[in-house]
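Down below is the structure, laid out as structure tokens.
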Number of protein chains: 2
Amino acid sequence: MIGKSVLTRHQELVYRHLTGSEKALSAYDLLDALRGEGLRAPVQVYRALGKLIDHGLIHRIESLNAFVACTHEGHQGAAGFAICDACGEVEEFPLPDHLAPIDHWAAGRAFRVEHTTVELRGRCQTCR
Amino acid sequence: MIGKSVLTRHQELVYRHLTGSEKALSAYDLLDALRGEGLRAPVQVYRALGKLIDHGLIHRIESLNAFVACTHEGHQGAAGFAICDACGEVEEFPLPDHLAPIDHWAAGRAFRVEHTTVELRGRCQTCR
DNA sequence: CGATGCATGTTATACCATTACGAACCCGAG
DNA sequence: CTCGGGTTCGTAATGGTATAACATGCATCG
Ligand SMILES: [Zn+2]
Ligand SMILES: [Zn+2]
Ligand SMILES: [Zn+2]
Ligand SMILES: [Zn+2]
């Protein structure tokens with residue numbers, strides 16, 4: 001049956017809008033921006049966001065309750081984010097497969113890591 | 001003047017409740033638990049949580065929108081958290097002063113890191 | 001005393017996210 | 001073709017998280 005590689009209309013709208021933004025956007029930011037395109041209710045945005053996350057095309061920024069388009073090359077592997085508290089810019093960076101001190105701790109506790117969140121808050125080069 | 005080492009009544013109530021819990025508690029969990037002690041509105045809980053965070057006695061778990069008591073020895077340095085998605089237990093672990101790959105990235109971009117969030121989601125030893 | 005600072009109390013509001021239910025649509029099995 | 005099942009879409013309602021605005025009490029200090 002082949003994968004479902006194409007996006008639905010709503011997913012496409014949300015994804016396009018995120019790729020055009022330097023900052024993370026909240027679901028309600030997206031809703032406000034896309035009302036003219038036919039999106040009317042939060043649940044529609046959240047549905048699109050959920051699928052896009054499943055597909056690995058976007059990431060959720062936990063400390064902002066907001067979302068960014070993925071800028072990985074190849075959209076693979078885990079990522080961390082650097083968030084400028086002054087201008088709001090979010091930059092994604094690849095996480096190495098193993099962060100030694102963390103892996104070591106997890107192995108010692110027999111904790112099985114399924115997802116890793118790394119978010120740096122601070123000042124970007126132009127705002128420091 | 002002397003230091004502000006003591007907690008106010010509300011801060012003490014919130015802190016004691018958090019130290020007694022294995023899991024992270026939301027502000028509203030705390031509110032419900034402490035209504036009998038005189039806390040009545042969310043803002044009172046958030047005020048206490050804010051001060052406790054300033055004092056380094058508790059931490060916010062971004063991916064849960066909830067809070068845990070600090071279990072550092074000495075309450076100093078940065079921390080990461082391992083969160084079991086099955087039982088909810090949260091374990092704090094010390095972050096080394098320098099996570100080499102991340103530091104390297106930040107240095108290369110001239111990003112000044114002011115706060116680091118590291119949260120591992122997965123299964124604890126007893127739930128895996 | 002009056003001024004300052006800080007903790008507190010109360011109400012209201014804003015912001016974030018999901019549940020529930022039904023209609024429309026696509027597509028493959030029979 | 002017709003009947004499913006699966007996915008998307010629309011709408012309404014609700015639940016959970018966080019802050020704004022403003023008033024009051026109370027200690028300290030000049
Ligand atoms: Zn990515
Ligand atoms: Zn900046
Ligand atoms: Zn700690
Ligand atoms: Zn567990």
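Here is the naming used below: chain letters follow the sequence lines, and residue numbers restart at 1 for every chain. Reckoned from all heavy atoms, side chains included, excluding hydrogens, waters and symmetry mates.
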Phosphate OP1/OP2 of C:dC15: any A:Asn65 side-chain N/O under 4.0 Å | no

Hydrophobic cluster identity match, A:Ile58 and A:Leu31, side-chain contacts under 4.5 Å = yes

Rounding to 0.5 Å, atoms NE2 (A:His17) and CD (A:Glu37) come to a distance of 9.5 Å

OP1 or OP2 of C:dC6 sitting under 4.0 Å from any side-chain N/O of B:Arg9?
-> no

Decide yes or no on side-chain contact (heavy atoms from CB on, under 4.5 Å) for B:Arg16 and B:Leu13, but give the supporting numbers first.
-> CA-CA 5 Å; B:Arg16 288 260 162 271; B:Leu13 287 167; over 6 Å; no

Take the protein atom CD1 of A:Ile61 and the nucleotide atom P of C:dA17, then report the distance between them rounded to whole Å.
-> 12 Å

Identify whether any heavy atom of B:Arg47 sits under 4.0 Å from a base atom; if not, whether one sits that close to sugar-phosphate; answer base, sugar-phosphate or nothing.
-> base

A:Glu62 and A:Thr117 side chains, donor-acceptor separation under 3.5 Å | no

5'-most contact on DNA chain C: B:His10 or A:Leu64, nearest heavy atom basis?
-> B:His10

A:Leu7 CG to D:dT7 P, straight-line distance once rounded to whole Å | 16 Å

Between residues 36-46 of chain A and DNA chain D, which residues have a heavy-atom gap below 4.0 Å?
-> A:Arg40, A:Ala41, A:Val43, A:Gln44

When every non-hydrogen atom of B:Thr71 is compared with those of B:Glu92, the smallest separation belongs to N-OE1, 2.9 Å

For atom CG of A:Leu34 and atom C1' of D:dG10, their distance in whole Å | 16 Å

Please identify each residue that fulfils side chain to side chain donor-acceptor pair (under 3.5 Å) with B:Glu89, with sequence neighbours left out.
-> none

Does anything in residues 21-32 of chain B reach DNA chain D, meaning a heavy atom under 4.0 Å, and if so which residues?
-> B:Ser26, B:Tyr28

Hey, can you tell me if A:His59 and A:His72 have their rings parallel, tilted or perpendicular (30° and 60° cut-offs)?
-> tilted

Round to the nearest Å and state the distance from A:Glu12 atom CD to D:dC9 atom C1'.
-> 17 Å

Nearest-Å distance for atom pair CG/C1', residues B:Asp54 and C:dC6 | 14 Å

Co-membership, hydrophobic cluster, residues B:Phe67 and B:Leu7, 4.5 Å side-chain | yes

Are the side chains of A:Leu57 and A:Leu18 in touch, meaning some heavy atoms are under 4.5 Å apart?
-> no

Using a cut-off of less than 4.0 Å, is there contact between a side-chain N or O of A:Lys51 and OP1 or OP2 of D:dT7?
-> no

